[in-house]
Amino acid sequence: MDLFEYQGKQYFSKYGIPVSLGDIADTVDEAVAVADRIGYPVVVKAQVQVGGRGKAGGVKLASNHEEARLHATNILGLDIKGHVVHRLWIEHASEISREYYASFTLDRGAKAHLCMLSAKGGVDIEQVVEEDPEAIARLYINPLDGVARADLERLVVEAAIDEEARAGTVEILERLYTCYIEGDADLVEINPLILTPEGKVHALDAKVTLDDDAAFRHPEWEEFALSQEGDPREIMAREKGLNYVGLEGSVGIIANGAGLAMSTLDVVNQVGGSAANFLDCGGGADADLLADALEVINSDAAVKAILINIFGGIVRCDEVAKGVLIAIDRVGLTTPIVIRLDGTNAPLAREILAPHLSDRIIMETTMIGAARRAAEIANERSK
Amino acid sequence: MSIFIDENTKVIVQGLTGSQGRFHGLRNRDYGTKVVGGVTPGKGGESVDGIPVFDTVAEAVAATGATASFVAVPPRAAAAAILQAAEAGIALIVCITEHIPAKDEAVVYARLKRDFPGTRLLGPNCPGLISPGKCNIGITAGEIALAGGPVGIVSRSGTLTYQALHELSQQGVGQTTCVGIGGDPVPGTNFIDVLEAFEADPETRAVIMIGEIGGAEEERAAEYIRDHMTKPVVAYIAGVTAPPGRKMGHAGAIVSGSQGTAQAKMDALAAAGVIVAKNPTEAGEKMVEVVRGLP
């Protein structure tokens, strides 16, 4: 789960990482009240989970009451790459001497935690990685040992952090590591981490991705989950506990297992179709779950054909077949549906489906055949 | 021959009294696996369908001589269960548990590496492994596998593993061992560990490798294959059409930046002399051709 900037900053504050004084606002009046309270100049920042909001006009400096009102009016409701701004973060504007970059994440290759630090902050770090990889200093941390202050003291030198900022940076990195570990984040990133003319170091932005698998030990994450925005199809799927990713195509896909679902997308693409989604209905594909999955897919007007691709290992195909029939009925589905069932009890499943087959309920015996049929129907119906 | 397990492997099931552990543990036993015990703290002395349950892995090992453990416990208990098995001297730990926090996995990996270098962890979040006709630990449906070799299978995905088994078995091509390494970011056993074992196993004469987007393990495997493998390898990588930055079901299946794309992995494998298939069916067909061409 990705946090909004304001949530990330609140998360940072809990671990003692200094951030700018600020507050959230959902209306223009609230925004102006917050700005008046914290004192000008302020920065009015759109809270959206998409990059490039500055360029899109979602971040503005206001030096007085009138400007704060003007910017808040313009930014609330603004559409930034499909993300509509519902909330603002207003914070006291900082004077900036230098901009750095700092992050912690898990390096899968090294199977260790990785701290990255650079004196070249404030820009797209992927660009720095490509153009000037030497500018990023890296520290690998064994999860059993944790991070040692001496290592961080070496790291700030290696990263060419200005001398007056080193002590402050080390302190922030120690706290950021605690936030990363105890806060069960997949990623904590500060870009930029700034040095002010007064010699203070603090986090001007906050990017935090939480590890959803650790939610059981963080009841306080509930409020973050409630505020998640995004694709309405994905929100609906999440509420139903389905593993769903929305895409742009016309073939709605249901498969069991992440690998098979991904593979189904690929095969649909190979035969000239385009997938409307990724949906893994998991190991226990019963009628209820299939009905939920079909409901989510049916809510997507772009879907012109549905492909169900199930390989029964533990799941018995005859049960899936019954489930599909019940689900089609329950959802009142009219979109043509192509079904491929293989594995445990597949012959029995085909017998169950046989009397129901029509030009709207179609059975294919292979994955590729089913993908081809679904793509053809979707392409024909999209004309 | 088979790798990691054989007909004599004695297995305990951690979480045998839970619904998952009971269902799969008994299935494994029905397949012919020597399931000799179960472990559930506080339920020592009970039994599940005739299989004795112990409070700790150490007690189970002392009483049964088990060398392998099937871990089927909920995510919050999984890390401790794996470490308990390692401390009790278990040589092969197979963990099917999905959704273990990444921090816990990283700690487990580091602990095993430092304190129990002789212990092999398969998974977490993996389907397990099966040596057809001999032993099945995990959730693979034994019916779709065919004994007798000569193909070894290694895969990051469960259902794609089944698909591969099915494609081969339907063509009458058997398997030596089929190993699911799992879809999590920090797997205990990686592609290279399994490829090494297949290369050393005289009965395995060709290998199917099924990868997916995310990470760089397939690229590393490609280097290993290029430098060390004499046996033919057919590979399939899932996720060509997956958009960057989105997790595709498995915690490990995510393309970040230019890293971990399916195309990069396929290119690396092809350059290493691997036969790369564009879908699971084609992987099966190509392997059938390879097997027919074996001397």
Side-chain angles (χ1 to χ4, degrees), chain A residues 106 108-109 111-113 126 129-130 142-145 180-182 184-186 211-217 243-249 255-270 274-275 278-280 282-283 309-315 342-344 366-368 371, chain B residues 23-24 27 75-76 98-107 109-111 113-114 127 139-141 143-144 155-163 166 183 185-186 210 212-217 220 236 238-243 246-253 257-258 262 278-282:
Chain A
L106 177 70
R108 304 161 40 139
K111 297 181 168 72
H113 301 308
E126 303 231 333
V129 170
E130 254 169 48
N142 184 316
L144 303 180
D145 302 331
Y180 166 71
I181 294 288
E182 289 177 12
D184 272 310
D186 282 337
D211 177 2
D212 295 333
D213 290 340
F216 66 82
R217 54 190 176 211
N243 196 343
Y244 177 98
V245 177
L247 301 167
E248 307 294 319
N256 66 326
L260 189 64
M262 248 187 286
S263 184
T264 308
L265 263 57
D266 294 347
V267 173
V268 164
N269 192 261
Q270 282 164 16
S274 59
F278 164 99
L279 197 161
D280 164 17
N309 186 17
I310 302 286
F311 196 98
I314 297 308
V315 175
D342 234 325
T344 311
T366 66
M367 179 164 160
I368 290 200
Chain B
F23 181 76
H24 298 299
R27 256 176 91 99
R76 64 180 76 200
E98 195 179 356
H99 299 306
I100 299 177
K103 297 289 182 313
D104 296 9
E105 282 187 23
V107 166
Y109 185 89
R111 270 297 303 280
K113 197 171 175 204
R114 190 186 70 186
I139 63 178
T140 308
E143 305 80 55
I144 55 173
S155 169
R156 259 170 83 180
S157 147
T159 35
L160 279 179
T161 312
Y162 307 156
Q163 180 75 34
H166 177 72
V186 190
I210 299 171
E212 62 189 32
I213 52 165
E217 289 300 317
R220 282 169 215 244
Y236 166 65
V240 179
T241 47
R246 308 296 306 273
K247 262 187 206 175
M248 295 307 252
H250 286 154
S258 56
K278 64 179 196 294
N279 56 58
T281 308
E282 195 181 283

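Below, read A as the first sequence line, B as the second, and so on, with proteins coming before strands; counting in each chain starts at 1.
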Mind running side-chain contact (heavy atoms from CB on, under 4.5 Å) on B:Ile100 and A:Asp213 for me, showing each step along the way? CA-CA 6 Å; B:Ile100 299 177; A:Asp213 290 340; over 6 Å; no
The interface call for B:Ala216 against chain A, heavy-atom contacts under 4.5 Å, is neither
If one checks every heavy atom of B:Lys113 against chain A at 4.5 Å, the contacting part turns out to be neither
In short, A:Leu260 meets B:Leu160 closest at the heavy-atom pair N-CG, 3.7 Å
When the 4.5 angstrom heavy-atom criterion is applied to B:Glu217 and chain A, the contacting part is side chain
Okay, B:Ile210 and chain A: the region with an atom under 4.5 Å from a heavy atom over there is neither
Whatever's closer than 4.5 Å to a heavy atom in chain A on B:Arg114 counts as side chain
Applying a strict 4.5 Å limit to non-hydrogen atoms, the region of A:Asp212 in contact with chain B is neither
- Message: Closer than 3.5 angstrom, by distance alone: can the side chain of A:Asn269 be matched with the main-chain N or O of B:Thr241 as a donor-acceptor pair?
- Response: no
Looking only at B:Glu105, B:Arg111, B:Lys278, most heavy-atom pairs under 4.5 Å shared with chain A are made by B:Lys278
Under 4.5 Å to a heavy atom of chain B? For A:Leu279 that would be neither
Residues at least two apart in sequence or cross-chain that pass salt bridge (Lys or Arg N to Asp or Glu O under 4.0 Å) with A:Asp184, listed by chain then number, are A:Arg217
Residues at least two apart in sequence or cross-chain that pass salt bridge (Lys or Arg N to Asp or Glu O under 4.0 Å) with B:Arg76, listed by chain then number, are none
query: So do the side chains of A:Leu247 and B:Pro243 get within less than 4.5 Å of each other, counting heavy atoms only?
result: yes
Distance col, row B:Thr159:OG1 vs A:Ile310:CD1, nearest 0.5 angstrom, shows 9.0 Å
query: Under a 4.5 Å cut-off applied to non-hydrogen side-chain atoms, are B:Val186 and A:Leu106 in contact?
result: yes
Main-chain N/O of B:Ala102 paired with A:Asp211 side-chain donor or acceptor, under 3.5 Å = yes
Closest non-hydrogen atoms of A:Asn142 and B:Ala110, given as atom of the first, atom of the second and distance, are OD1-CB, 3.7 Å
- Message: Tell me if a side-chain donor or acceptor on A:Ser263 pairs with a main-chain N or O of B:Ala238 at a distance below 3.5 Å.
- Response: no
A:Arg108 and B:Gly214 have their tightest heavy-atom pair at NH2-C, 3.6 Å
I'd like to know if the side chain of A:Asp266 and the backbone of B:Val240 have a donor-acceptor N/O pair within less than 3.5 Å. yes
Between B:Lys103 (side chain only) and A:Ala185 (backbone N and O only), is there a donor and an acceptor less than 3.5 Å apart? yes
Residue from A:Gly259, A:Gly109, A:Ser274, A:Ala214 scoring the most non-hydrogen pairs under 4.5 Å with chain B is A:Gly259
### Query
Should the ring pair B:Tyr162 and A:Phe311 be called parallel, tilted or perpendicular, given that the plane angle runs from 0 to 90° and is split at 30 and 60?
tilted
Heaviest contributor of heavy-atom pairs below 4.5 Å to chain A, chosen from B:Glu143, B:His99, B:Arg220, is B:His99
Rounding to 0.5 Å, atoms CE (A:Met367) and OG1 (B:Thr281) come to a distance of 6.0 Å
When the 4.5 angstrom heavy-atom criterion is applied to B:Gln163 and chain A, the contacting part is both
